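These notes concern the structure reproduced below.
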2 protein chains.
Amino acid sequence: MNAIRTARQRARDELTREIKAEARRQVVAEGPQRLSLRSIARDLGMASSAIYRYFPSRDDLLTALIIDAYDSLGAAVEDVESHVPRENIRARWQALCAGARSWARQHNHEYALIYGSPVPGYRAPEDTIAPASRVAGVLGQLLADGWQAEVLRPVRAPSLRPELAEQARHVATVIAPGVPPEVLAQALIAWTQLFGMVSFELFGHLVGSADPADEFFDHAVECMADVMGLPPA
Amino acid sequence: MNAIRTARQRARDELTREIKAEARRQVVAEGPQRLSLRSIARDLGMASSAIYRYFPSRDDLLTALIIDAYDSLGAAVEDVESHVPRENIRARWQALCAGARSWARQHNHEYALIYGSPVPGYRAPEDTIAPASRVAGVLGQLLADGWQAEVLRPVRAPSLRPELAEQARHVATVIAPGVPPEVLAQALIAWTQLFGMVSFELFGHLVGSADPADEFFDHAVECMADVMGLPPA
DNA sequence: TCTCCTTCGAGATCACTGCTCACGTTCATG
DNA sequence: CATGAACGTGAGCAGTGATCTCGAAGGAGA
């Protein structure tokens with residue numbers, strides 16, 4: 001709150017950053033499994049017990065990295081998508097997908113951290129939902145824009161059962177105001193499809209089939225755009 | 001090769017089974033992270049070093065569990081799907097999806113083992129592709145049957161670029177002989193969508209949106225059936 | 001300025017882990 | 001029957017996350 005911070009607090013913030021930086025280095029290099037508090041302490045020239053002044057446990061440090069990773073992914077997607085003309089809804093969706101995939105391929109282990117198996121017993125979702133919904137927000141905005149501009153074609157799909165309609169309505173109010181639940185349900189499908197594909201590619205489940213996944217990815221992105229009713233071109 | 005096995009070999013097989021069983025028990029109870037060779041040895045009343053006579057490392061034991069999990073999932077899906085009339089292609093697809101999801105929900109940690117982040121540095125895929133493709137085979141057979149019976153409607157989708165067409169053709173020869181690459185590309189999409197959804201549900205990425213995921217899952221399954229061109233009803 | 005309380009880092013320690021090795025034993029086979 | 005491979009044991013190595021005590025340092029109020 002106070003802009004002026006004591007020397008102690010500045011040192012604390014800096015060390016917290018350094019610990020996270022070193023931890024991220026280790027995760028990037030060798031994966032979340034190999035992250036070791038002791039080796040972080042060694043590299044930072046401090047006692048291993050000192051780390052616990054900054055992070056109460058290894059899992060908490062990992063959770064901090066998870067939040068950062070969500071944020072980094074969100075920023076990357078936002079950046080890529082923002083360079084596309086606002087009126088070209090389909091191109092914005094393509095950019096979103098390409099941005100997400102590209103970030104994932106460049107940050108292999110960090111992607112696994114957030115979209116792989118949940119590492120700790122169970123991590124508190126409260127701190128993660130905000131940064132996690134960042135890229136969801138991009139999709140929502142894109143849909144809202146398209147809906148307002150009346151370029152979204154109504155999709156031909158099975159009608160929603162009541163609970164799903166309610167869920168979709170709720171998501172719409174949070175992320176894409178004005179967009180009808182039918183469209184949002186399709187967006188949810190595209191959503192899971194996108195990350196399902198990226199996960200399959202990164203985790204090696206496409207080796208026997210669509211191994212260089214570029215064309216498959218592009219193809220699926222177009223299909224998903226159609227599923228959501230995005231206008232062509 | 002010889003049907004008659006020595007007492008030593010019988011003991012070895014039995015112990016191998018017991019080690020795996022205890023390991024699976026631990027993974028089911030506490031997740032792959034907590035799997036400990038020493039505690040397995042304790043529970044089996046043997047020295048920890050003895051485990052290494054049966055599995056050269058912890059990762060090898062995990063790999064064995066992964067293969068078993070693939071097999072278990074494959075068997076479950078095959079079983080569910082086989083109880084559906086062969087001519088009802090869409091119902092077979094629905095059964096496949098429901099079977100996979102139900103298995104995943106019942107075998108949370110084992111699902112994470114195979115479709116979560118790859119645990120070891122890198123596991124040899126050679127031993128895993130056979131059991132992994134088991135449930136893919138079910139989908140392939142279903143498509144092949146539908147194609148032969150001429151009930152698969154040609155799908156309206158972007159035409160395949162050459163490499164993807166080649167990949168789809170190759171997958172078709174292995175898994176769904178006779179099925180054209182266009183259909184198989186759509187099946188690949190449905191494939192990644194299915195496991196993307198299940199992963200999202202199990203890993204908690206749907207909490208804010210489609211939390212009881214039943215209706216969303218069913219809805220997506222229908223959409224995917226349409227995307228593949230499966231006949232209605 | 002001086003005191004007192006909080007914060008911090010160091011080091012020892014605990015209870016684990018995966019893994020290796022030398023050692024005797026047990027079994028199967030030439 | 002003898003010999004070599006397979007087996008189980010226990011000690012030991014190197015490493016881990018986490019806890020605790022203790023002395024040093026910082027910061028705020030008197």
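Chain A is the first sequence line, chain B the second, and so forth, proteins listed ahead of strands; every chain is numbered from 1. Computed over heavy atoms, backbone and side chain alike; hydrogens, waters and symmetry mates excluded. As the structure is a prediction and not an experimental result, all values here were calculated from the model.
- Between D:dG8 and B:Y54, a contact under 4.0 Å exists linking OP1 or OP2 to a side-chain N or O.
- Legend: residues meeting side chain to side chain contact (heavy atoms under 4.5 Å, CB included) with A:E163, ordered by chain and number and at least two apart, are A:Q167, B:P212, B:E215.
- In this structure, CG on B:D43 lies 14.0 Å from CZ on B:R38, to the nearest 0.5 angstrom.
- With hydrogens and angles ignored, a donor-acceptor pair under 3.5 angstrom links the side chain of B:R53 to the base of D:dG8.
- In this pair, A:Y70 and A:Y115 present their aromatic rings perpendicular. The plane angle is above 60°, beyond the 30 to 60° band.
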Enumerate all atom pairs, one protein N or O and one N or O from nucleotides 1-3 of chain C, separated by less than 3.5 Å.
none

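- Between the CG atom of B:L139 and the CE atom of B:M228 there is a distance of 6.0 Å, given to the nearest 0.5 Å.
- A residue-by-residue look at B:L15 and A:L35 shows that B:L15 has its nearest nucleotide of DNA chain D further toward the 5' end.
- Salt bridge status for A:R101 with A:D218: absent, with no side-chain N to carboxylate O gap under 4.0 Å.
- Partners of A:N108 under the side chain to side chain contact (heavy atoms under 4.5 Å, CB included) rule, at least two apart in sequence or in another chain, are A:L202.
- Legend: residues meeting ring pair (Phe, Tyr, Trp, His ring centres under 6.0 Å) with A:F216, ordered by chain and number and at least two apart, are absent.
- Rounded to whole angstrom, the span from the CD atom of A:E14 across to the P atom of C:dG9 amounts to 12 Å.
- Rounded to the nearest 0.5 Å, atoms CD1 (B:I67) and OG (B:S72) are 13.5 Å apart.
- A:E30 places its CD atom 11 Å from the P atom of D:dT16, with the value rounded to the nearest Å.
- D:dA18 atom P lies 6 Å from atom CG of A:L37, rounded to whole Å.
- If you run side chain to side chain donor-acceptor pair (under 3.5 Å) between A:E22 and each of A:R24, A:R25, A:K20, only A:R25 comes through.
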Extract from the structure each pairing of a protein N or O with an N or O of nucleotides 27-30 of chain C at less than 3.5 Å, listing the distance.
from   : atom 1 : to   : atom 2 : distance (Å)
C:dC27 : O2     : B:R8 : NH1    : 3.3
C:dA28 : OP1    : B:T6 : OG1    : 3.3
C:dA28 : OP1    : B:A7 : N      : 3.0
C:dA28 : OP1    : B:R8 : N      : 2.9

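- The separation between A:Q33 atom CD and C:dT17 atom P is 16 Å, rounded to whole Å.
- For DNA chain C, the residues of residues 38-50 of chain B within the heavy-atom distance limit of 4.0 Å (strictly under) are B:R38, B:R42, B:S48, B:S49, sorted by number.
- Between B:Y111 and B:F195, the ring planes are parallel. Angles under 30° get that label, and only those over 60° would be called perpendicular.
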